[in-house]
Amino acid sequence: MKLLFVFILIMAPLMSSCNKLDQPLDCSNIYEQEKSKPSGVYTIYPMGDRSAVQVYCDMDTKGGRWTVIQRRMDGSVNFYRPWNVYKMGFGSAAGEYWLGLDNMHSLTDKDKYELLVDMEDFEGKKVFARYSSFKVGAECDGYILQVSGFTDGGAGDSLASHNGQKFSTFDKDQDLWPDNCARKYVGAFWYNTCHHANPNGIYRWGADNSLFAVGVEWFYWKGNDYSLKTISMKIRPVQ
């Protein structure tokens with residue numbers, strides 16, 4: 001009898017684990033589990049059970065289900081970071097953060113995703129750019145960006161010139177410019193030669209031409225001398 005009791009104690013966690021719900025891969029999974037889920041911070045598992053990471057889920061905008069992969073809103077987080085930090089992710093899901101290139105690759109490698117980029121200036125105007133296809137390649141290929149299917153929500157297409165580019169940081173230069181775009185424009189992104197979008201640049205306050213193209217910028221909306229108040233990049237599976 002005693003041996004039977006010990007066996008039940010050992011087996012109980014294994015038996016219960018078989019009955020637990022699948023861990024959510026992204027915010028779309030969380031939304032599907034309970035339609036009334038509000039926008040906020042949730043835990044997802046983009047690379048399996050041991051890959052828990054907190055994200056902000058936008059459950060309201062344009063049908064909801066968006067997993068926010070990048071967000072700037074107040075300058076509270078330093079985005080001038082090295083390669084390994086951009087690879088793993090940083091910041092706080094309740095505020096400013098970067099989800100991490102490994103997580104982005106894992107998500108977009110499993111399914112077809114779309115991208116929504118929401119932004120606001122310091123005068124309170126809000127616009128967006130939407131792309132029907134968004135994918136981040138593997139690290140061995142430089143985390144190449146594949147983005148297409150642009151829909152203009154007033155922001156203009158500032159990612160077209162970044163499509164097909166590898167990701168660059170100040171300590172890992174993979175852009176097409178002879179110099180280092182990440183160092184020059186104090187950020188990290190899928191730079192070309194160099195940028196029409198610099199969402200991970202220095203957080204500044206609106207119009208400022210004292211430093212050319214150094215700021216949180218979206219060229220085809222505000223040009224090179226205006227740093228945005230907020231910008232967020234969010235993805236969800238294509239239905």
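When reading the values below, keep in mind they use all heavy atoms of this one structure, side chains included, and skip hydrogens, waters and symmetry mates.
- Checked against Asp157 for a side-chain hydrogen bond (donor to acceptor under 3.5 Å, both in side chains), the options Trp218, Tyr220, Tyr131 give a single hit: Tyr131.
- A cation-pi geometry, defined here as NZ or CZ lying under 6.0 Å from the six-membered ring centre and within 45° of its normal, does not hold between Arg130 and Phe150.
- Separating the CZ atom in Arg183 from the CH2 atom in Trp177 is a distance of 11.0 Å, to the nearest 0.5 Å.
- From Cys194, atom SG reaches atom CG of Asp179 across 7.5 Å, with rounding to the nearest 0.5 Å.
- Considering only heavy atoms from C-beta on, Met47 stays 4.5 Å or farther from Leu107 through its side chain.
- The cluster map of Ile, Leu, Val, Met, Phe, Trp and Tyr, joined by side-chain heavy atoms under 4.5 Å apart, puts Leu116 and Tyr42 in different clusters.
- Side-chain N/O atoms of Asn180 and Tyr191 include no donor and acceptor closer than 3.5 Å.
- Figure legend: Lys87 and Tyr143 shown without cation-pi pairing, the cationic atom not lying both under 6.0 angstrom from the six-membered ring centre and within 45 degrees of its axis.
- Other residues, nucleotides and ligands contribute only 12 or fewer heavy atoms inside 6.0 Å of the CE atom of Met88.
- Annotation for Ser168 and Ala182: closest pair O-CB, 4.1 Å, computed over non-hydrogen atoms.
- The line from NE2 of His195 to CG of Asn200 is 11.0 Å long, rounded to the nearest 0.5 Å.
- In this structure, Asp141 contributes its side chain and Gly137 its backbone to no donor-acceptor pair below 3.5 Å.
- Under a 3.5 Å cut-off, the side chain of Glu96 and the backbone N or O of Ser76 do form a donor-acceptor pair.
- When side chains are defined from C-beta on, Gln70 counts as touching Ile231, because their heavy atoms get closer than 4.5 Å.
- Note that CG of Leu101 and OG1 of Thr169 are 9.0 Å apart. Values are rounded to the nearest 0.5 Å.
- Residues Glu120 and Leu228 form no side-chain contact, since every pair of their non-hydrogen atoms from C-beta on lies 4.5 Å or further apart.
- The shortest distance between side-chain heavy atoms of Trp98 and Ile69 does not fall below 4.5 Å.
- For the residue pair His105 and Val136, the shortest heavy atom distance occurs at ND1-O, 2.9 Å.
- Follow the hydrophobic side-chain contacts under 4.5 Å out from Leu115 and you never reach Val238; the two are in separate clusters.
- The CD atom of Gln23 sits 8.5 Å away from the OG atom of Ser51 when rounded to the nearest 0.5 Å.
- Contact annotation: the side chain of Met59 never approaches that of Trp66 to less than 4.5 Å [non-hydrogen atoms, C-beta and beyond].
- Atom-to-atom distance recorded for Thr67:OG1 and Asn103:CG is 10.5 Å, nearest 0.5 angstrom.
- For the residue pair Pro24 and Thr43, the shortest heavy atom distance occurs at CG-O, 3.6 Å.
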Verify side chain to side chain contact (heavy atoms under 4.5 Å, CB included) between Ile202 and Ser227, making sure each step is shown before the conclusion. CA-CA 8 Å; Ile202 294 176; Ser227 189; over 6 Å; no
Applying ring pair (Phe, Tyr, Trp, His ring centres under 6.0 Å), run through Tyr80 and Phe170 and close with a yes or a no. CA-CA 8 Å; Tyr80 193 50; Phe170 66 78; 4.8 Å; yes
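- Ring geometry for Phe122 versus Tyr226: interplanar angle of 30 to 60°, hence tilted.
- A ring-ring contact (aromatic ring centres under 6.0 Å, His included) with His162 is found for exactly one of Phe189, Phe219, Phe134, namely Phe189.
- Residues Ala197 and Leu159 share a closest heavy-atom pair of CB-CD2, 4.0 Å.
- The local environment of CD in Glu123 is crowded, with over 12 non-hydrogen atoms from other residues, nucleotides or ligands closer than 6.0 Å.
- The closest side-chain heavy-atom distance from Pro237 to Arg65 is below 4.5 Å.
- Tested against Lys166 for a side-chain contact (heavy atoms from CB on, under 4.5 Å), the candidates Ile144, Leu176, Leu145 yield a single pass: Ile144.
- For Glu217 against Asp225, the heavy-atom pair with the smallest separation is OE2-N, 4.1 Å.
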Carefully, step by step, assess Lys125 and Asp121 under the rule salt bridge (Lys or Arg N to Asp or Glu O under 4.0 Å). CA-CA 6 Å; Lys125 184 175 181 181; Asp121 65 18; over 6 Å; no
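- The closest side-chain heavy-atom distance from Val53 to Pro46 is below 4.5 Å.
- For the residue pair Tyr45 and Ala52, the shortest heavy atom distance occurs at CE2-CB, 3.4 Å.
- Listed for the Ser39 side chain is no donor-acceptor partner under 3.5 Å among the backbone atoms of Asp58.
- Tracing side-chain contacts under 4.5 Å through hydrophobic residues (I, L, V, M, F, W, Y), one never reaches Val214 starting from Met119; they form parts of separate clusters.
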Given Ser133 and Ser148, is the side chain to side chain contact (heavy atoms under 4.5 Å, CB included) satisfied, shown in steps? CA-CA 5 Å; Ser133 181; Ser148 60; 3.6 Å; yes
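- Clustering ILVMFWY residues whenever any of their side-chain heavy atoms sit less than 4.5 angstrom apart, transitively, puts Val68 in the very cluster that holds Phe90.
- In this model, no donor atom of one side chain and acceptor atom of the other lie less than 3.5 Å apart for Trp190 and Gln146.
- Looking only at distances, no side-chain donor or acceptor of Asp60 sits under 3.5 Å from a matching main-chain atom of Gly64.
- Around the NZ atom of Lys184, the shell of radius 6.0 Å holds no more than 12 heavy atoms that belong to other residues, nucleotides or ligands.
- Side-chain atoms of Val216 and Arg204, non-hydrogen and from C-beta on, never get closer than 4.5 Å to each other.
- A donor-acceptor contact shorter than 3.5 Å is absent between the side chain of Asp208 and the backbone of Leu211.
- Defined by atom type and a distance below 3.5 Å, a donor-acceptor pair is missing between the side-chain atoms of Gln165 and Asp175.
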Step-by-step side chain to side chain contact (heavy atoms under 4.5 Å, CB included) determination, Met104 to Phe167: CA-CA 12 Å; Met104 294 180 197; Phe167 198 86; over 6 Å; no
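- Cation-pi contact between Arg236 and Tyr113: absent, since separation from the ring centre below 6.0 Å together with deviation from the ring axis within 45° is not met.
- If you check the side chains of Ser106 and Lys110, you find a donor sitting under 3.5 Å from an acceptor.
- Note on Val117: it clusters hydrophobically with Val127, by side-chain heavy-atom contacts below 4.5 Å among ILVMFWY residues.
- Judged by a 6.0 Å distance limit and a 45° cone about the ring axis, Arg72 is positioned over the six-membered ring of Phe79.
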Would Asp118 and Lys126 satisfy side chain to side chain contact (heavy atoms under 4.5 Å, CB included), going step by step from the backbone distance to the final call? CA-CA 7 Å; Asp118 283 329; Lys126 298 179 181 180; over 6 Å; no
